[in-house]
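Numbers here are sequence positions counted from 1. Basis for what follows: all heavy atoms, side chains included, without hydrogens, waters or symmetry-related copies. Order of appearance sets the numbers: ligands from 1, and atoms from 1 within every ligand.
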Amino acid sequence: MIDLRSDTVTKPTEVMRRAAYEAEVGDDVYGEDPTVNKLEEMAADLLGKEAALFVTSGTQGNQLAALTHARPGNEVILEANSHIFQYEGGAFSVFSGVQTRTIQGNRGAMNPSDVAAAIRGDDVHEPETSLICLENTHNKAGGAIVPLENMQAIYQIAKENQVAVHLDGARLFNAVIASGISAKEYASYTDTVQFCLSKGLGAPVGSIIAGEERFIKRARKWRKRLGGGLRQAGIIAAPGIVALRDNVERLTEDHQHASELAEGLLNIRNLSLEAIVETNIVLMNVKETGLTAKEFLLKLKDQGVLAVPFGPYTVRFVTNYGVKKEDIIKALVAVQAIV
Ligand SMILES: *Cc1c(COP(=O)(O)O)cnc(C)c1O
């Protein structure tokens, strides 16, 4: 099977497995796991933040942002198709007791003036805006890179209004590699940032949330409350260190494969792309074939290729390090056979 469902399907490499086996460990709830501490320092340095925290998942990292930055009854501004709003089970309202306010973006980027207009005043009737969440790259917008200038403009508005900014950077390193803008530069226009070790970077488990020391101290407590305080977590943090050391630059290969896939699809009758391809995600529209996305995917599976539906007529492909150039060619042959 050629698995293009997500970049989460990657299996840990030999080097990662060995690193896990050999990891020095301690009790991380006591702050005594040297491998976790090393990963957290490495991540904080990469992002130019004071501190970082190893968390179980991207979803948990995002929850810690809302729990720490906001209070129940506050309002959080989000892009309408953001992962936090669409795919985290309403967790912001469940755990943080916040109300979400969505703004429709353009390729995942909210217009700064829309954000400014959505920030609440001090009217006694209104919830207080305490947090703005950004997403880069933007999953639902097809792995779109949110421009640095857009982040900068929103950050400035946020600071003028004493509102915090959190970046859901599950795929931040895809943006870094494709744009040539460093993680530090992106992170400089956000108070806190979450990124996934277990997507394109290929680690088996975990995410990082980074920010100021005092933020991380409070987030650590929230992580404990959520049951996310782990013990000898160096076993799972060690592959994360390998991921950051070895797997960032190679994302360019995934991007190359995604653009080859996109180019090939454009040459097939009745197929179109829903978004230009900037990173490792391809959104294909199958409406003109007369099939729904689900029907198309069943046929595709018979041909040995897996992808996911992303709307009634939208199929999402995500390239990852388990997918080679030959697999892209085979996937195109499979799609051609269906159409
Ligand atoms: C995958 C993803 C998450 C959540 O990460 P998990 O580790 O699956 O919880 C959050 N945001 C975006 C944009 C994602 O793609």
Side-chain angles (χ1 to χ4, degrees), residues 3-10 12 39 43 52-67 76 78-92 94-96 100 102 105 107-110 131-146 151 165-176 178 183 186-187 190 192-210 219 222-223 226-228 230 233 236-237 239-240 243-244 251 254-255 258 275 278-283 307-308 310 314 316-320:
D3 199 342
L4 291 159
R5 286 174 300 170
S6 178
D7 44 10
T8 57
V9 301
T10 52
L39 171 62
L53 189 66
F54 181 53
V55 295
T56 55
S57 66
T59 303
Q60 188 180 61
N62 290 336
Q63 298 323 308
L64 296 184
L67 286 162
V76 178
L78 296 154
E79 202 281 321
N81 285 310
S82 62
H83 192 281
I84 292 172
F85 186 68
Q86 296 287 348
Y87 301 121
E88 296 186 11
F92 266 34
V94 176
F95 299 119
S96 302
T100 49
T102 56
R107 290 187 52 71
M110 295 183 282
L131 179 62
I132 298 167
C133 293
L134 309 177
E135 183 175 316
N136 204 3
T137 63
H138 196 289
N139 178 22
K140 199 88 200 229
I145 299 171
V146 173
M151 290 180 59
V165 178
H166 171 68
L167 172 63
D168 176 358
R171 296 190 180 86
L172 176 63
F173 287 97
N174 293 90
V176 166
Y186 280 120
T190 170
T192 56
V193 47
Q194 178 278 119
F195 74 83
C196 290
L197 293 159
S198 64
K199 291 203 167 155
L201 299 182
V205 191
S207 276
I208 291 287
I209 181 162
W222 275 113
R223 186 186 69 173
L226 293 179
L230 303 176
I236 53 173
L244 281 181
L251 290 172
D254 296 347
H255 300 169
E278 290 184 294
T279 57
N280 67 335
I281 299 178
V282 178
L283 300 183
V308 294
F310 229 44
T314 309
R316 187 190 74 167
F317 298 99
V318 185
T319 54
N320 60 74

- Do any heavy atoms of Gln60 fall under 4.0 Å from ligand 1? no
Honestly, for Ser82 the part within reach of ligand 1 (heavy atoms, under 4.0 Å) is neither
**Q.** Tyr186 side chain near Leu134 side chain, heavy-atom distance below 4.5 Å
**A.** no
The closest protein heavy-atom partner of atom 10 (C) of ligand 1 is His83 ND1, 3.2 Å
Notebook entry, point to check: Given side chains that start at C-beta, do those of Ile208 and Leu197 come closer than 4.5 Å, heavy atoms only?
Noted result: yes
When every non-hydrogen atom of Ala258 is compared with those of Ile281, the smallest separation belongs to CB-N, 4.4 Å
When distances are taken from atom 11 (N) of ligand 1, the protein heavy atom at minimum range is Asp168 OD2, 2.6 Å
If you scan protein heavy atoms around atom 9 (O) of ligand 1, the nearest is Thr59 OG1, 2.6 Å
- Geometric class of the Phe310/Tyr87 ring pair [parallel <30°, tilted 30-60°, perpendicular >60°]: parallel
Ligand 1 to Ser57, heavy atom cutoff 4.0 Å, flagged ligand atoms 7 (O), 9 (O)
Which of His138, His83, Gln194 passes side-chain hydrogen bond (donor to acceptor under 3.5 Å, both in side chains) with Asp168? It is Gln194
Heavy-atom distance under 4.5 Å between the side chains of Phe195 and Ile209, does that happen here? no
With a 3.5 Å cut-off and no angle check, do the side chains of Ser82 and Glu135 form a donor-acceptor pair?
no
Among Gly58, Ala91, Ser6, the residue with a heavy atom nearest to atom 7 (O) of ligand 1 is Gly58
Closest to atom 1 (C) of ligand 1 among protein heavy atoms sits Lys199 NZ, 1.2 Å
A student checking ligand 1 against Glu135 at a 4.0 Å heavy-atom cut-off should list atoms 13 (C)
So the atoms of ligand 1 within less than 4.0 Å of a heavy atom of Arg171 turn out to be 15 (O)
Within 4.0 Å of some non-hydrogen atom of Asn62, the atoms of ligand 1 are 10 (C)
One should read off an interatomic distance between Thr319 OG1 and Asp254 CG, to the nearest 0.5 angstrom, of 4.5 Å
